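Single-structure report; data block below.
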Amino acid sequence: MRQQVNTYNEVDDVFHNAFLATVVLHGLGQDSVTITTEARDYLDGLGTKCVICIDSETLLPGPYAVIGNQLRDAWKLIDDVNGTCMVTLKPQSK
Amino acid sequence: MHGHTEATVKVGYRSPLMIFRLTDVRPSDSFESFPLKSTDDQFSSFALQSRIKTRATSDAPLAGIRIMVKDNIHLKGLKTSVGNKAFYDTFPERRESAICIQKLIDNGVAIVGKTKMSSFANWEEPIEYIDYQAPWNPRADKYQSPGGSSSGSAAAVSTYDWLDVAIGTDSELNPLISRSGACYG
């Protein structure tokens with residue numbers, strides 16, 4: 001988990017630790033996941049308030065926004081400060 | 001435009017049992033403009049998707065690479081301006097993306113915008129842009145020439161460190177990419 005968080009911070013400029021307020025673990029089946037004390041302390045230190053396990057395997061890794069009971073894709077908004085574009089584009093889903 | 005997957009949630013840490021709906025945008029190969037303006041209302045706003053996600057969608061070699069495309073190259077679902085309002089007004093949204101760009105799309109790139117250019121790729125300086133404002137050159141006093149015709153592409157790669165590639169166009173007779181590149185260092 002620690003390595004995963006470090007990797008996320010290294011490779012991605014959209015993710016930041018605030019997204020760890022809720023951690024969603026997926027593809028783990030119906031059984032509950034056991035959270036070790038070490039993992040719990042680590043996540044507590046990052047501000048995690050909730051860990052959720054789901055059995056869906058279609059969820060892609062990365063940051064999401066929890067809005068109501070839905071997981072929404074999170075986009076980082078940046079101004080086109082030098083007016084470089086005719087049009088900016090909505091991210092596509094694949 | 002959204003499909004939903006009901007997923008049963010089991011929680012092993014702090015929270016009660018909840019049912020979450022995962023909102024997945026239906027996959028589409030057609031592009032849409034992003035409607036939000038910049039925080040100062042002067043320009044547009046980019047919407048950047050997480051590289052974690054874009055790299056996970058595909059094993060393709062360019063998965064997660066962020067690019068922009070000069071607006072004389074077609075993208076499916078969008079109109080093309082070639083830097084000219086009359087051209088933009090005349091022709092409808094494109095039914096297909098240009099072959100060269102489709103190859104990039106098939107290899108996993110994330111396209112974030114279509115860049116400005118001089119009208120019909122003519123040799124124009126900012127004071128000669130009529131239909132659309134020229135992009136700003138981030139160098140020096142910000143009023144240096146952006147070059148052309150791939151002015152927007154050159155401006156974008158020199159301004160935004162989060163951008164990996166901006167596509168321009170060139171010709172033997174008129175070195176349009178290299179001229180813009182020289183203006184931005």
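Proteins come first, then strands; the chains are lettered A, B, ... in the order of their sequence lines, and each starts at number 1. Predicted model, so just to flag it, every value in this text is computed and none were measured. Hydrogens, waters and symmetry mates are skipped; everything else that's a heavy atom, side chains included, is used.
With respect to chain A, the highest number of heavy-atom pairs below 4.5 Å among Ser33(B), Gly83(B), Ala134(B), Ala166(B) belongs to Ser33(B). Note: Asn82(A) leads Asn82(A), Ile67(A), Thr7(A) in heavy-atom pairs under 4.5 Å with chain B. Heavy-atom pairs under 4.5 Å with chain B peak, among Thr88(A), Val11(A), Val24(A), Leu77(A), at Thr88(A). Chosen from Asp13(A), Val14(A), Val23(A), Asp12(A), the residue pairing most often with chain B at heavy-atom distances under 4.5 Å is Asp12(A). For the set Asp80(A), Val87(A), Val81(A), the count of heavy-atom pairs under 4.5 angstrom toward chain B peaks at Asp80(A). The greatest number of non-hydrogen atom pairs below 4.5 Å with chain A, out of Lys114(B), Met68(B), Arg51(B), is found for Lys114(B).
Neither the backbone nor the side chain of Thr54(B) comes within contact range of chain A; no heavy atom of the residue lies under 4.5 Å from a heavy atom of that chain. For chain A, no part of Tyr88(B) is nearby; none of its heavy atoms comes within less than 4.5 Å. With a threshold of 4.5 angstrom between heavy atoms, Gln49(B) approaches chain A through its backbone and through its side chain. Using a 4.5 Å cut-off between heavy atoms, Phe31(B) contacts chain A through both its backbone and its side chain. For Ser81(B), the part sitting under 4.5 Å from any heavy atom of chain A is the side chain, from C-beta outward, and nothing else. Heavy-atom distances place both the backbone and the side chain of Tyr8(A) under 4.5 Å from chain B.
Side chains of Tyr64(A) and Leu59(A) form a contact here, defined as non-hydrogen atoms less than 4.5 Å apart.
Here CE of Met1(A) is found 5.0 Å from CG of Leu43(A). Values are rounded to the nearest 0.5 Å.
Phe19(A) and Phe15(A) have parallel rings, their planes meeting at less than 30° on a 0 to 90° scale where 60° marks the start of perpendicular.
Ring centers of Phe46(B) and Trp75(A): at least 6.0 Å apart, outside the cut-off.
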### Task
Could you check Glu124(B) against Asn122(B) for side chain to side chain donor-acceptor pair (under 3.5 Å), going step by step and ending with a plain yes or no?
CA-CA 6 Å; Glu124(B) 288 181 339; Asn122(B) 286 322; 5.0 Å; no

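Between Lys116(B) and Asp71(B) there is no salt bridge, since no side-chain nitrogen of the basic residue lies less than 4.0 Å from a carboxylate oxygen of the acidic one. Between Arg40(A) and Asp44(A) there is no salt bridge, since no side-chain nitrogen of the basic residue lies less than 4.0 Å from a carboxylate oxygen of the acidic one. For Asp73(A) and Lys53(B), the salt-bridge test passes: some basic side-chain N is under 4.0 Å from an acidic carboxylate O.
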